[in-house]
Amino acid sequence: NAGVTQTPKFQVLKTGQSMTLQCAQDMNHNSMYWYRQDPGMGLRLIYYSASEGTTDKGEVPNGYNVSRLNKREFSLRLESAAPSQTSVYFCASKVVTGQETQYFGPGTRLLVL
Amino acid sequence: QKEVEQNSGPLSVPEGAIASLNCTYSDRVSQSFFWYRQYSGKSPELIMSIYSNGDKEDGRFTAQLNKASQYVSLLIRDSQPSDSATYLCAVITLGNTGKLIFGQGTTLQVKP
């Protein structure tokens with residue numbers, strides 16, 4: 001049981017390049033989330049998927065797209081990377097057991113030059 | 001006004017002392033409150049959740065919630081150097097089900 005996994009762990013892009021961040025969970029969770037974390041900003045929600053087949057915008061969706069490929073996988077795509085998207089990206093998934101616990105992946109560090 | 005606010009710190013306490021971490025939130029209909037711990041370079045992990053007014057204790061950790069004052073706190077008793085981390089307060093608001101709103105986090109340093 002690996003929990004939430006993310007690939008890649010680290011990526012350097014040039015401005016204008018595109019890439020997809022992958023996230024998978026093996027806990028049979030319905031809900032999945034993408035956050036970015038910048039120094040002094042806490043975690044900000046980019047997109048989320050309440051269930052397979054649905055996606056919704058979060059607090060900072062501009063410049064990103066997502067795909068909920070199936071129940072396990074939720075990907076985040078940067079179509080044209082900008083230096084402002086340099087950040088650490090976390091994927092999370094959730095089970096509702098009365099505690100609304102979200103489990104986080106290890107993160108992807110992205111540097112856009 | 002930010003929806004969830006924390007003092008970014010660093011908060012420095014000696015080993016064995018009580019560390020008190022505070023968080024205020026702006027939306028009165030907020031209903032669920034969480035404390036996450038994040039070690040440097042790692043992902044957040046949930047350490048406490050609280051849903052009703054009062055105190056909730058779990059080992060050395062106590063979460064306190066006061067909805068009238070829109071205030072939630074985390075007390076860490078007998079602080080250890082291993083408690084040194086950033087503590088993130090997060091809130092779920094009615095009508096915003098499942099979406100966590102995070103504060104910016106408070107960095108705690110426990111000095112031996």
Side-chain angles (χ1 to χ4, degrees), chain A residues 2-7 9-10 21 23 25 27 29-51 54-61 66 68 74 87-110, chain B residues 1-11 21-27 30-52 56 58 61 63 65 72 85-107:
Chain A
V4 180
T5 58
Q6 292 182 238
T7 56
K9 291 183 178 180
F10 180 71
L21 282 66
C23 174
Q25 52 90 10
M27 297 176 282
H29 291 172
N30 285 322
S31 300
M32 298 184 73
Y33 306 83
W34 275 107
Y35 295 91
R36 61 177 288 173
Q37 186 173 35
D38 303 296
M41 298 291 290
L43 286 142
R44 292 183 292 170
L45 183 65
I46 305 171
Y47 270 94
Y48 69 103
S49 172
S51 62
T54 68
T55 61
D56 284 289
K57 296 178 180 180
E59 183 183 355
V60 288
V66 291
R68 184 74 183 267
F74 189 36
S87 189
V88 180
Y89 291 86
F90 288 102
C91 177
S93 68
K94 187 184 78 170
V95 62
V96 179
T97 59
Q99 286 201 350
E100 297 273 347
T101 303
Q102 287 195 19
Y103 295 87
F104 285 81
T108 294
R109 294 182 178 275
L110 176 65
Chain B
Q1 181 187 5
K2 293 188 68 174
E3 293 187 64
V4 180
E5 294 207 46
Q6 298 179 253
N7 187 324
S8 60
L11 172 66
L21 304 162
N22 303 315
C23 173
T24 58
Y25 58 95
S26 60
D27 195 332
S30 296
Q31 55 182 176
S32 305
F33 307 87
F34 306 87
W35 284 99
Y36 281 80
R37 178 176 61 199
Q38 186 177 25
Y39 292 113
S40 181
K42 302 296 184 182
S43 57
E45 58 177 329
L46 181 69
I47 54 172
M48 288 288 285
S49 58
I50 187 166
Y51 302 93
S52 56
K56 179 181 177 181
D58 184 1
F61 298 98
L65 175 61
V72 58
T86 295
Y87 290 80
L88 299 163
C89 174
V91 172
I92 291 178
T93 300
L94 185 67
N96 216 17
T97 303
K99 292 196 291 184
L100 284 170
I101 306 298
F102 284 87
Q104 69 268 43
T106 298
T107 299

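Quick note: numbers below take in every heavy atom, side chains included, and nothing from hydrogens, waters or symmetry partners. Just so we're on the same page: letters track the sequence lines, and every chain starts at 1.
- Partners of B:R37 by salt bridge (charged side-chain N to carboxylate O under 4.0 Å, His left out), not counting sequence neighbours, listed by chain and number: B:E45.
- Judged by distance alone, with hydrogens and angles left aside, the side-chain atoms of A:Q6 form a donor-acceptor pair with the main-chain N or O of A:C91 at under 3.5 Å.
- Of the atoms belonging to A:F104, heavy atoms from both backbone and side chain fall under 4.5 Å from chain B.
- A:R109 touches chain B through its side chain: at least one heavy atom from C-beta onward sits under 4.5 Å away, while N, CA, C and O do not.
- When heavy atoms are compared at a cutoff of 4.5 Å, A:L45 approaches chain B solely by way of its side chain, counted from C-beta outward.
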Side chain to side chain donor-acceptor pair (under 3.5 Å), that's the test. Do A:S49 and A:T55 meet it? Break it down for me.
CA-CA 4 Å; A:S49 172; A:T55 61; over 6 Å; no
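- Using modelled atom types and a 3.5 Å distance limit, the side chains of A:N30 and A:S51 yield no donor-acceptor pair.
- Heavy-atom distances place no part of A:E59 under 4.5 Å from chain B, backbone and side chain included.
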